[in-house]
Number of protein chains: 2
Amino acid sequence: MPDNTTSASNAAASAADRAYAEIRGLILAGDASPGTPLREEALADIVGVSRTPVRDALRRLEVELYAVRTPGGRLVVADWDSDDVAEIFALRAMLEGHAAARAARRATPAQLAELRHCNAAIEAAVAIEQPDVARFLAENRRFHDIILSASASARLSTMLAGLVEQPIVRRTATRYDRADLARSAHEHSQLIQAFAAHDEDWARAVMTAHIRRALHAFQDATPSK
Amino acid sequence: MPDNTTSASNAAASAADRAYAEIRGLILAGDASPGTPLREEALADIVGVSRTPVRDALRRLEVELYAVRTPGGRLVVADWDSDDVAEIFALRAMLEGHAAARAARRATPAQLAELRHCNAAIEAAVAIEQPDVARFLAENRRFHDIILSASASARLSTMLAGLVEQPIVRRTATRYDRADLARSAHEHSQLIQAFAAHDEDWARAVMTAHIRRALHAFQDATPSK
DNA sequence: GTTGCTGATAATGTATACAAAACTGGCCAT
DNA sequence: ATGGCCAGTTTTGTATACATTATCAGCAAC
(Lines give C-alpha, C1' and ligand atoms only; values in the text may rest on other atoms or scores of the structure.)
Protein backbone atom coordinates (compact mmCIF):
# COMPACT_ATOMS: atom_id res chain seq x y z
CA MET A 1 0.00 0.00 0.00
CA PRO A 2 2.08 2.95 -1.25
CA ASP A 3 -0.92 5.04 -0.44
CA ASN A 4 -1.13 7.75 2.14
CA THR A 5 -2.20 10.48 -0.14
CA THR A 6 -0.91 13.74 1.22
CA SER A 7 1.59 14.27 3.96
CA ALA A 8 2.91 10.91 4.91
CA SER A 9 2.17 8.84 7.97
CA ASN A 10 4.98 10.48 9.81
CA ALA A 11 5.76 8.04 12.56
CA ALA A 12 7.52 10.80 14.43
CA ALA A 13 4.45 13.01 14.50
CA SER A 14 2.28 13.25 17.58
CA ALA A 15 -0.38 10.67 18.28
CA ALA A 16 -3.04 13.24 17.52
CA ASP A 17 -1.51 13.96 14.13
CA ARG A 18 -1.24 10.31 13.27
CA ALA A 19 -4.84 9.77 14.32
CA TYR A 20 -5.90 12.70 12.17
CA ALA A 21 -3.99 11.45 9.14
CA GLU A 22 -5.18 7.90 9.53
CA ILE A 23 -8.85 8.65 10.08
CA ARG A 24 -8.83 11.13 7.24
CA GLY A 25 -7.25 8.44 5.13
CA LEU A 26 -10.01 6.03 6.01
CA ILE A 27 -12.62 8.55 4.94
CA LEU A 28 -10.91 9.56 1.71
CA ALA A 29 -10.09 6.00 0.71
CA GLY A 30 -13.75 5.17 1.09
CA ASP A 31 -13.14 2.62 3.81
CA ALA A 32 -15.51 4.69 5.88
CA SER A 33 -18.34 5.61 3.57
CA PRO A 34 -20.64 8.59 4.15
CA GLY A 35 -22.94 8.09 7.09
CA THR A 36 -20.62 5.67 8.85
CA PRO A 37 -20.44 6.52 12.53
CA LEU A 38 -17.04 7.58 13.83
CA ARG A 39 -16.81 6.06 17.29
CA GLU A 40 -13.92 7.27 19.36
CA GLU A 41 -13.04 3.99 21.00
CA ALA A 42 -13.14 1.97 17.80
CA LEU A 43 -10.91 4.50 16.05
CA ALA A 44 -8.57 4.55 19.02
CA ASP A 45 -8.14 0.79 18.62
CA ILE A 46 -7.50 1.12 14.91
CA VAL A 47 -4.93 3.87 15.24
CA GLY A 48 -3.37 2.34 18.31
CA VAL A 49 -3.67 5.33 20.60
CA SER A 50 -6.07 6.34 23.33
CA ARG A 51 -9.30 8.21 22.91
CA THR A 52 -7.80 11.58 23.80
CA PRO A 53 -5.78 12.19 20.62
CA VAL A 54 -8.58 10.61 18.60
CA ARG A 55 -11.01 13.16 19.97
CA ASP A 56 -8.56 15.83 18.97
CA ALA A 57 -8.36 14.49 15.46
CA LEU A 58 -12.13 14.20 15.19
CA ARG A 59 -12.58 17.80 16.22
CA ARG A 60 -10.31 18.87 13.40
CA LEU A 61 -12.10 16.67 10.93
CA GLU A 62 -15.35 18.14 12.10
CA VAL A 63 -14.17 21.70 11.50
CA GLU A 64 -13.08 20.69 8.02
CA LEU A 65 -16.44 19.04 7.48
CA TYR A 66 -15.11 15.58 6.83
CA ALA A 67 -17.42 14.60 9.64
CA VAL A 68 -20.74 16.01 10.71
CA ARG A 69 -22.45 15.86 14.05
CA THR A 70 -25.82 14.21 14.47
CA PRO A 71 -28.39 16.02 16.60
CA GLY A 72 -27.35 13.88 19.54
CA GLY A 73 -23.68 14.75 19.30
CA ARG A 74 -22.40 11.70 17.46
CA LEU A 75 -20.06 12.08 14.53
CA VAL A 76 -20.59 10.44 11.19
CA VAL A 77 -18.66 10.60 7.94
CA ALA A 78 -19.95 13.51 5.89
CA ASP A 79 -21.53 13.05 2.52
CA TRP A 80 -20.07 15.30 -0.14
CA ASP A 81 -22.42 15.49 -3.07
CA SER A 82 -21.68 17.33 -6.28
CA ASP A 83 -23.12 20.54 -4.86
CA ASP A 84 -20.65 20.35 -2.00
CA VAL A 85 -17.77 19.90 -4.39
CA ALA A 86 -18.95 22.85 -6.45
CA GLU A 87 -19.21 24.91 -3.28
CA ILE A 88 -15.71 23.94 -2.24
CA PHE A 89 -14.34 25.05 -5.58
CA ALA A 90 -16.34 28.28 -5.43
CA LEU A 91 -14.94 29.11 -2.01
CA ARG A 92 -11.45 28.12 -3.09
CA ALA A 93 -11.74 30.37 -6.12
CA MET A 94 -12.71 33.30 -3.92
CA LEU A 95 -10.19 32.72 -1.19
CA GLU A 96 -7.27 31.74 -3.38
CA GLY A 97 -8.12 34.64 -5.64
CA HIS A 98 -7.91 36.88 -2.63
CA ALA A 99 -4.64 35.24 -1.61
CA ALA A 100 -3.25 35.85 -5.08
CA ALA A 101 -4.24 39.51 -4.91
CA ARG A 102 -2.49 39.91 -1.59
CA ALA A 103 0.52 38.02 -2.86
CA ALA A 104 0.71 40.32 -5.87
CA ARG A 105 1.09 43.26 -3.54
CA ARG A 106 3.58 41.58 -1.23
CA ALA A 107 5.62 39.07 -3.21
CA THR A 108 9.35 39.46 -2.69
CA PRO A 109 11.90 38.78 -5.43
CA ALA A 110 12.95 35.68 -3.53
CA GLN A 111 9.39 34.36 -3.53
CA LEU A 112 9.04 35.11 -7.22
CA ALA A 113 12.20 33.17 -7.90
CA GLU A 114 10.87 30.30 -5.87
CA LEU A 115 7.62 30.33 -7.82
CA ARG A 116 9.48 30.36 -11.12
CA HIS A 117 11.64 27.49 -10.01
CA CYS A 118 8.62 25.55 -8.85
CA ASN A 119 6.74 26.08 -12.07
CA ALA A 120 9.77 25.05 -14.08
CA ALA A 121 9.60 21.74 -12.24
CA ILE A 122 5.92 21.47 -13.13
CA GLU A 123 6.65 22.15 -16.80
CA ALA A 124 9.36 19.53 -16.74
CA ALA A 125 6.97 17.01 -15.22
CA VAL A 126 4.38 17.48 -17.96
CA ALA A 127 6.67 18.00 -20.95
CA ILE A 128 7.58 14.37 -21.26
CA GLU A 129 5.67 11.67 -23.12
CA GLN A 130 4.12 10.14 -20.01
CA PRO A 131 3.54 13.10 -17.66
CA ASP A 132 4.76 12.54 -14.12
CA VAL A 133 1.45 13.20 -12.39
CA ALA A 134 2.76 12.59 -8.88
CA ARG A 135 5.49 15.11 -9.43
CA PHE A 136 2.98 17.51 -10.92
CA LEU A 137 0.75 17.22 -7.86
CA ALA A 138 3.56 17.72 -5.37
CA GLU A 139 4.95 20.76 -7.14
CA ASN A 140 1.50 22.14 -7.81
CA ARG A 141 0.74 22.04 -4.14
CA ARG A 142 4.03 23.68 -3.33
CA PHE A 143 3.27 26.40 -5.85
CA HIS A 144 0.00 27.22 -4.20
CA ASP A 145 1.58 27.04 -0.76
CA ILE A 146 4.20 29.59 -1.71
CA ILE A 147 1.48 31.95 -2.85
CA LEU A 148 -0.36 31.39 0.38
CA SER A 149 2.67 32.23 2.44
CA ALA A 150 3.35 35.26 0.24
CA SER A 151 -0.18 36.45 0.97
CA ALA A 152 0.86 36.74 4.60
CA SER A 153 -2.52 36.04 6.12
CA ALA A 154 -2.72 33.35 8.75
CA ARG A 155 -6.48 33.47 8.44
CA LEU A 156 -6.46 32.66 4.78
CA SER A 157 -4.05 29.84 5.37
CA THR A 158 -6.13 28.14 8.02
CA MET A 159 -9.33 28.60 6.05
CA LEU A 160 -7.89 27.18 2.89
CA ALA A 161 -6.27 24.28 4.70
CA GLY A 162 -9.66 22.64 5.10
CA LEU A 163 -10.61 23.44 1.54
CA VAL A 164 -7.67 22.38 -0.53
CA GLU A 165 -8.45 18.74 -0.91
CA GLN A 166 -5.52 17.06 -2.40
CA PRO A 167 -7.60 13.95 -3.18
CA ILE A 168 -10.00 16.09 -5.17
CA VAL A 169 -7.12 17.81 -6.89
CA ARG A 170 -5.66 14.43 -7.62
CA ARG A 171 -8.85 13.06 -9.07
CA THR A 172 -8.96 16.16 -11.22
CA ALA A 173 -5.36 16.02 -12.32
CA THR A 174 -5.38 12.33 -13.19
CA ARG A 175 -8.08 13.08 -15.73
CA TYR A 176 -6.10 15.88 -17.29
CA ASP A 177 -4.48 15.04 -20.56
CA ARG A 178 -1.09 16.47 -21.32
CA ALA A 179 -2.56 19.57 -22.91
CA ASP A 180 -4.56 20.31 -19.77
CA LEU A 181 -1.53 19.91 -17.56
CA ALA A 182 0.46 22.19 -19.83
CA ARG A 183 -2.33 24.76 -19.70
CA SER A 184 -2.17 24.61 -15.95
CA ALA A 185 1.54 25.37 -16.04
CA HIS A 186 0.85 28.21 -18.45
CA GLU A 187 -1.69 29.70 -16.06
CA HIS A 188 0.89 29.49 -13.33
CA SER A 189 3.35 31.45 -15.40
CA GLN A 190 0.67 34.05 -16.02
CA LEU A 191 0.23 34.26 -12.27
CA ILE A 192 3.93 34.83 -11.82
CA GLN A 193 3.78 37.63 -14.39
CA ALA A 194 0.93 39.22 -12.47
CA PHE A 195 2.89 38.96 -9.23
CA ALA A 196 5.98 40.43 -10.84
CA ALA A 197 3.88 43.34 -12.06
CA HIS A 198 2.29 43.66 -8.61
CA ASP A 199 -1.07 43.73 -10.34
CA GLU A 200 -3.60 42.54 -7.78
CA ASP A 201 -6.60 42.41 -10.07
CA TRP A 202 -4.74 40.49 -12.70
CA ALA A 203 -3.49 37.97 -10.18
CA ARG A 204 -6.95 37.51 -8.72
CA ALA A 205 -8.52 37.01 -12.11
CA VAL A 206 -5.97 34.48 -13.27
CA MET A 207 -6.22 32.51 -10.04
CA THR A 208 -10.01 32.53 -10.14
CA ALA A 209 -9.99 31.26 -13.70
CA HIS A 210 -7.39 28.66 -12.81
CA ILE A 211 -9.53 27.20 -10.05
CA ARG A 212 -12.77 27.37 -11.92
CA ARG A 213 -11.25 25.51 -14.81
CA ALA A 214 -10.25 22.85 -12.31
CA LEU A 215 -13.85 22.64 -11.15
CA HIS A 216 -15.11 21.93 -14.61
CA ALA A 217 -12.34 19.46 -15.29
CA PHE A 218 -13.41 17.69 -12.13
CA GLN A 219 -17.08 17.73 -13.07
CA ASP A 220 -16.32 16.38 -16.52
CA ALA A 221 -14.22 13.64 -14.98
CA THR A 222 -16.91 12.46 -12.57
CA PRO A 223 -20.12 10.96 -13.99
CA SER A 224 -22.57 12.94 -11.85
CA LYS A 225 -22.51 11.24 -8.45
CA MET B 1 -33.65 27.90 22.16
CA PRO B 2 -31.96 31.26 22.52
CA ASP B 3 -28.59 30.30 21.13
CA ASN B 4 -26.48 32.93 22.84
CA THR B 5 -23.05 32.02 21.68
CA THR B 6 -21.72 35.43 22.39
CA SER B 7 -22.78 36.67 25.76
CA ALA B 8 -21.56 35.16 28.90
CA SER B 9 -21.63 31.97 30.84
CA ASN B 10 -24.59 29.93 29.84
CA ALA B 11 -24.79 27.75 32.89
CA ALA B 12 -26.67 25.04 31.05
CA ALA B 13 -24.07 24.60 28.30
CA SER B 14 -21.37 21.99 28.43
CA ALA B 15 -18.17 22.60 30.33
CA ALA B 16 -16.27 22.95 27.09
CA ASP B 17 -18.70 25.59 25.85
CA ARG B 18 -18.51 27.52 29.09
CA ALA B 19 -14.72 27.37 28.98
CA TYR B 20 -14.77 28.61 25.41
CA ALA B 21 -17.10 31.48 26.20
CA GLU B 22 -15.25 32.49 29.32
CA ILE B 23 -11.74 32.39 27.86
CA ARG B 24 -12.91 34.22 24.79
CA GLY B 25 -14.47 36.77 27.08
CA LEU B 26 -11.18 37.25 28.89
CA ILE B 27 -9.42 37.88 25.62
CA LEU B 28 -12.01 40.25 24.20
CA ALA B 29 -12.41 42.19 27.41
CA GLY B 30 -8.69 42.77 27.38
CA ASP B 31 -8.14 40.96 30.66
CA ALA B 32 -5.73 38.78 28.73
CA SER B 33 -3.78 41.14 26.52
CA PRO B 34 -2.00 40.03 23.36
CA GLY B 35 1.01 37.88 24.06
CA THR B 36 -0.30 36.62 27.36
CA PRO B 37 0.26 32.87 27.63
CA LEU B 38 -2.85 30.74 27.86
CA ARG B 39 -1.93 27.97 30.28
CA GLU B 40 -4.39 25.14 30.43
CA GLU B 41 -4.23 24.51 34.15
CA ALA B 42 -4.54 28.16 35.12
CA LEU B 43 -7.56 28.56 32.83
CA ALA B 44 -9.06 25.37 34.20
CA ASP B 45 -8.90 26.88 37.68
CA ILE B 46 -10.47 30.13 36.52
CA VAL B 47 -13.34 28.48 34.69
CA GLY B 48 -13.79 25.83 37.34
CA VAL B 49 -13.48 22.77 35.11
CA SER B 50 -10.69 20.35 34.35
CA ARG B 51 -8.05 20.72 31.70
CA THR B 52 -9.88 18.52 29.21
CA PRO B 53 -12.69 20.91 28.25
CA VAL B 54 -10.24 23.80 28.47
CA ARG B 55 -8.05 22.12 25.88
CA ASP B 56 -11.12 21.74 23.73
CA ALA B 57 -11.93 25.42 24.05
CA LEU B 58 -8.36 26.42 23.31
CA ARG B 59 -8.33 24.39 20.13
CA ARG B 60 -11.39 26.25 18.93
CA LEU B 61 -9.90 29.59 19.86
CA GLU B 62 -6.77 28.60 18.00
CA VAL B 63 -8.69 27.80 14.82
CA GLU B 64 -10.43 31.15 15.08
CA LEU B 65 -7.05 32.79 15.62
CA TYR B 66 -7.86 34.29 18.98
CA ALA B 67 -4.78 32.41 20.09
CA VAL B 68 -1.61 31.53 18.24
CA ARG B 69 0.87 28.80 18.89
CA THR B 70 4.47 29.56 19.73
CA PRO B 71 7.13 27.44 17.99
CA GLY B 72 7.24 25.27 21.07
CA GLY B 73 3.54 24.52 21.08
CA ARG B 74 2.42 26.97 23.70
CA LEU B 75 -0.60 29.15 23.12
CA VAL B 76 -0.63 32.90 23.59
CA VAL B 77 -3.30 35.50 23.04
CA ALA B 78 -3.11 36.70 19.44
CA ASP B 79 -2.39 40.27 18.57
CA TRP B 80 -4.85 41.71 16.08
CA ASP B 81 -3.49 44.82 14.49
CA SER B 82 -5.44 47.04 12.14
CA ASP B 83 -4.33 44.95 9.16
CA ASP B 84 -5.87 41.89 10.75
CA VAL B 85 -9.13 43.69 11.31
CA ALA B 86 -9.15 44.87 7.73
CA GLU B 87 -8.46 41.32 6.58
CA ILE B 88 -11.30 39.99 8.69
CA PHE B 89 -13.70 42.46 7.15
CA ALA B 90 -12.41 41.70 3.66
CA LEU B 91 -13.00 38.00 4.15
CA ARG B 92 -16.38 38.62 5.68
CA ALA B 93 -17.32 40.80 2.73
CA MET B 94 -16.41 38.03 0.32
CA LEU B 95 -17.97 35.19 2.21
CA GLU B 96 -21.12 36.98 3.31
CA GLY B 97 -21.46 38.35 -0.19
CA HIS B 98 -21.31 34.81 -1.45
CA ALA B 99 -23.82 33.74 1.17
CA ALA B 100 -26.14 36.53 0.07
CA ALA B 101 -25.86 35.43 -3.55
CA ARG B 102 -26.73 31.87 -2.62
CA ALA B 103 -29.56 33.08 -0.43
CA ALA B 104 -30.95 35.14 -3.27
CA ARG B 105 -31.29 32.00 -5.31
CA ARG B 106 -32.73 29.89 -2.53
CA ALA B 107 -34.68 32.12 -0.18
CA THR B 108 -38.16 30.83 0.56
CA PRO B 109 -41.17 33.10 1.13
CA ALA B 110 -41.06 32.09 4.78
CA GLN B 111 -37.45 33.17 5.10
CA LEU B 112 -38.19 36.44 3.36
CA ALA B 113 -40.99 37.07 5.81
CA GLU B 114 -38.66 36.31 8.67
CA LEU B 115 -36.10 38.74 7.31
CA ARG B 116 -38.71 41.46 6.94
CA HIS B 117 -39.92 40.89 10.45
CA CYS B 118 -36.39 40.97 11.76
CA ASN B 119 -35.52 44.17 9.97
CA ALA B 120 -38.70 45.77 11.21
CA ALA B 121 -37.43 45.10 14.72
CA ILE B 122 -34.13 46.71 13.81
CA GLU B 123 -35.88 49.77 12.45
CA ALA B 124 -37.93 50.01 15.60
CA ALA B 125 -34.79 49.81 17.72
CA VAL B 126 -33.12 52.70 15.95
CA ALA B 127 -36.13 54.92 15.29
CA ILE B 128 -36.38 56.15 18.86
CA GLU B 129 -34.51 59.04 20.42
CA GLN B 130 -31.97 56.86 22.22
CA PRO B 131 -31.39 53.91 19.90
CA ASP B 132 -31.55 50.53 21.62
CA VAL B 133 -28.10 49.37 20.61
CA ALA B 134 -28.32 46.01 22.36
CA ARG B 135 -31.54 45.25 20.56
CA PHE B 136 -30.01 46.42 17.30
CA LEU B 137 -27.07 44.08 17.73
CA ALA B 138 -29.17 41.07 18.63
CA GLU B 139 -31.53 41.53 15.71
CA ASN B 140 -28.68 42.39 13.37
CA ARG B 141 -27.02 39.15 14.21
CA ARG B 142 -30.26 37.27 13.72
CA PHE B 143 -30.70 38.94 10.36
CA HIS B 144 -27.34 37.75 9.17
CA ASP B 145 -27.92 34.30 10.62
CA ILE B 146 -31.14 33.93 8.68
CA ILE B 147 -29.31 34.77 5.47
CA LEU B 148 -26.64 32.28 6.35
CA SER B 149 -29.15 29.52 6.87
CA ALA B 150 -30.93 30.50 3.66
CA SER B 151 -27.63 30.12 1.85
CA ALA B 152 -27.72 26.45 2.80
CA SER B 153 -24.00 25.90 2.99
CA ALA B 154 -22.61 24.31 6.11
CA ARG B 155 -19.13 25.29 4.98
CA LEU B 156 -19.96 28.95 4.77
CA SER B 157 -21.60 28.81 8.16
CA THR B 158 -18.64 27.29 9.93
CA MET B 159 -16.18 29.56 8.18
CA LEU B 160 -18.09 32.68 9.01
CA ALA B 161 -18.65 31.59 12.58
CA GLY B 162 -15.02 32.30 13.35
CA LEU B 163 -15.12 35.56 11.48
CA VAL B 164 -18.24 37.29 12.61
CA GLU B 165 -16.90 39.03 15.60
CA GLN B 166 -19.78 40.25 17.57
CA PRO B 167 -17.41 42.28 19.74
CA ILE B 168 -16.09 44.03 16.68
CA VAL B 169 -19.60 44.60 15.48
CA ARG B 170 -20.42 45.98 18.86
CA ARG B 171 -17.49 48.33 18.97
CA THR B 172 -18.59 49.52 15.57
CA ALA B 173 -22.23 49.92 16.36
CA THR B 174 -21.73 51.84 19.57
CA ARG B 175 -19.89 54.43 17.55
CA TYR B 176 -22.64 54.65 14.99
CA ASP B 177 -24.92 57.59 15.34
CA ARG B 178 -28.58 57.17 14.66
CA ALA B 179 -28.18 58.01 11.01
CA ASP B 180 -25.65 55.23 10.56
CA LEU B 181 -27.87 52.71 12.24
CA ALA B 182 -30.78 53.76 10.08
CA ARG B 183 -28.62 53.40 6.99
CA SER B 184 -27.80 49.89 8.09
CA ALA B 185 -31.48 49.07 8.32
CA HIS B 186 -31.98 50.58 4.88
CA GLU B 187 -29.26 48.38 3.42
CA HIS B 188 -30.97 45.41 4.97
CA SER B 189 -34.20 46.27 3.25
CA GLN B 190 -32.32 46.55 -0.04
CA LEU B 191 -30.98 43.09 0.60
CA ILE B 192 -34.48 41.79 1.16
CA GLN B 193 -35.53 43.33 -2.15
CA ALA B 194 -32.64 41.59 -3.90
CA PHE B 195 -33.63 38.30 -2.30
CA ALA B 196 -37.26 38.76 -3.29
CA ALA B 197 -36.13 39.39 -6.87
CA HIS B 198 -33.80 36.38 -6.68
CA ASP B 199 -31.07 38.61 -8.06
CA GLU B 200 -27.79 37.05 -6.95
CA ASP B 201 -25.51 39.79 -8.19
CA TRP B 202 -27.59 42.49 -6.59
CA ALA B 203 -27.63 40.67 -3.27
CA ARG B 204 -23.90 40.10 -3.36
CA ALA B 205 -23.19 43.73 -4.17
CA VAL B 206 -25.42 45.10 -1.46
CA MET B 207 -23.96 42.76 1.13
CA THR B 208 -20.42 43.56 0.12
CA ALA B 209 -21.11 47.26 0.40
CA HIS B 210 -22.85 46.73 3.71
CA ILE B 211 -19.83 45.04 5.24
CA ARG B 212 -17.27 47.34 3.75
CA ARG B 213 -19.11 50.32 5.15
CA ALA B 214 -18.92 48.63 8.54
CA LEU B 215 -15.16 48.32 8.10
CA HIS B 216 -14.75 52.01 7.52
CA ALA B 217 -17.09 52.90 10.34
CA PHE B 218 -14.89 50.73 12.52
CA GLN B 219 -11.68 52.30 11.30
CA ASP B 220 -13.05 55.79 11.84
CA ALA B 221 -14.13 54.85 15.33
CA THR B 222 -10.76 53.47 16.43
CA PRO B 223 -7.78 55.83 16.74
CA SER B 224 -5.25 53.80 14.73
CA LYS B 225 -3.87 51.02 16.92
C1' DG C 1 31.14 39.26 28.51
C1' DT C 2 29.39 35.79 25.78
C1' DT C 3 28.41 31.18 24.39
C1' DG C 4 26.96 26.61 25.15
C1' DC C 5 25.69 23.06 28.12
C1' DT C 6 22.83 20.84 31.74
C1' DG C 7 19.50 19.78 34.99
C1' DA C 8 15.41 21.53 37.46
C1' DT C 9 10.89 23.22 36.42
C1' DA C 10 6.78 23.86 34.24
C1' DA C 11 3.94 23.22 30.48
C1' DT C 12 1.61 20.30 27.05
C1' DG C 13 0.57 15.47 25.28
C1' DT C 14 -1.47 11.02 26.36
C1' DA C 15 -3.82 7.33 28.85
C1' DT C 16 -7.34 5.81 31.76
C1' DA C 17 -11.22 5.92 35.03
C1' DC C 18 -15.55 7.69 35.98
C1' DA C 19 -20.01 10.52 34.98
C1' DA C 20 -23.59 11.82 32.07
C1' DA C 21 -26.16 11.58 28.17
C1' DA C 22 -28.15 9.28 24.09
C1' DC C 23 -29.61 5.28 21.45
C1' DT C 24 -31.90 0.60 21.45
C1' DG C 25 -34.98 -2.82 22.33
C1' DG C 26 -38.91 -4.54 24.30
C1' DC C 27 -43.03 -4.08 27.01
C1' DC C 28 -47.42 -2.17 28.00
C1' DA C 29 -51.55 0.55 27.19
C1' DT C 30 -54.61 2.06 23.91
C1' DA D 1 -51.02 -2.64 15.16
C1' DT D 2 -49.23 1.68 17.00
C1' DG D 3 -47.37 4.93 20.10
C1' DG D 4 -45.16 5.99 24.22
C1' DC D 5 -42.36 4.81 28.05
C1' DC D 6 -38.72 2.57 30.66
C1' DA D 7 -34.31 0.02 31.58
C1' DG D 8 -30.01 -1.71 29.58
C1' DT D 9 -26.32 -0.66 26.78
C1' DT D 10 -23.42 2.15 24.22
C1' DT D 11 -21.15 6.46 23.39
C1' DT D 12 -19.56 10.75 24.43
C1' DG D 13 -18.13 14.21 28.13
C1' DT D 14 -15.15 15.18 32.03
C1' DA D 15 -11.65 14.53 35.55
C1' DT D 16 -7.27 13.02 36.92
C1' DA D 17 -2.81 10.67 36.81
C1' DC D 18 1.20 9.88 34.20
C1' DA D 19 4.67 10.67 30.19
C1' DT D 20 6.98 13.65 27.35
C1' DT D 21 8.71 17.79 25.80
C1' DA D 22 10.03 22.76 26.01
C1' DT D 23 11.77 26.52 28.81
C1' DC D 24 15.01 28.84 31.61
C1' DA D 25 18.26 29.70 35.26
C1' DG D 26 22.76 28.79 36.52
C1' DC D 27 27.32 27.59 35.65
C1' DA D 28 31.49 26.38 33.19
C1' DA D 29 34.59 27.34 29.40
C1' DC D 30 36.43 30.41 26.27
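As the structure is a prediction and not an experimental result, all values here were calculated from the model. By convention in this document, chain letters (A, B, ...) are assigned in the order of the sequence lines, proteins followed by strands, and residues within each chain are numbered from 1.
A donor-acceptor distance shorter than 3.5 angstrom exists from the side chain of B/R102 to the backbone of B/A152, with no hydrogens or angles considered. At least one donor-acceptor pair closer than 3.5 Å links the side chain of B/D81 to the backbone N or O of B/D84. B/T36 places a side-chain N or O within donor-acceptor distance of the main-chain N or O of B/S33, the cut-off being under 3.5 Å.
Remark: C1' of C/dG13 and CD of B/E41 are 14 Å apart, rounded to the nearest angstrom. Atom-to-atom, CD of B/E40 to P of D/dA15 comes out at 13 Å; the value is rounded to the nearest Å. Put simply, OH on A/Y20 is 19 Å from C1' on C/dG13, counting in whole angstrom units. For the pair B/R39 CZ and D/dA22 C1', the computed distance is 14 Å after rounding to whole Å. In this structure, CZ of B/R69 is placed 15 Å from P of C/dA11, rounded to the nearest angstrom. C/dG13 atom P lies 11 Å from atom CZ of A/R60, rounded to whole Å. For A/D45 and C/dT14, the CG to C1' distance is 15 Å, given to the nearest whole Å. Distance CG (B/D56) to P (C/dT12): 15 Å, rounded to an integer number of Å.
Within 6.0 Å of atom CZ in A/R69, more than 12 heavy atoms from other residues, nucleotides or ligands are found, so the atom counts as buried in its surroundings.
Within the 4.0 angstrom heavy-atom criterion, only backbone atoms of the sugar-phosphate kind lie near B/L38; the bases stay farther away.
Aromatic ring pairs are classed by plane angle as parallel below 30°, tilted from 30° to 60° and perpendicular above 60°; the pair B/H188 and B/H144 is perpendicular.
Between B/R59 and the phosphate of C/dG13, there is a side-chain N or O to OP1/OP2 separation shorter than 4.0 Å.
When all heavy atoms are compared, the tightest approach of A/L75 to A/A67 is CD2-CB, 4.2 Å.
The nucleotide whose nearest atom lies closest to any side-chain atom of B/R74 is, among C/dC23, D/dT23, D/dT14, D/dT23.
In the region residues 47-55 of chain B, proximity to DNA chain C at under 4.0 angstrom, judged on heavy atoms, holds for B/R51, B/R55.
Partner A/W80 forms a ring pair (Phe, Tyr, Trp, His ring centres under 6.0 Å) with one of A/F89, A/Y66, A/F218 and no other, that one being A/Y66.
Comparing A/A16 and A/G73 against DNA chain C, the residue whose closest nucleotide sits nearer the 5' end is A/A16.
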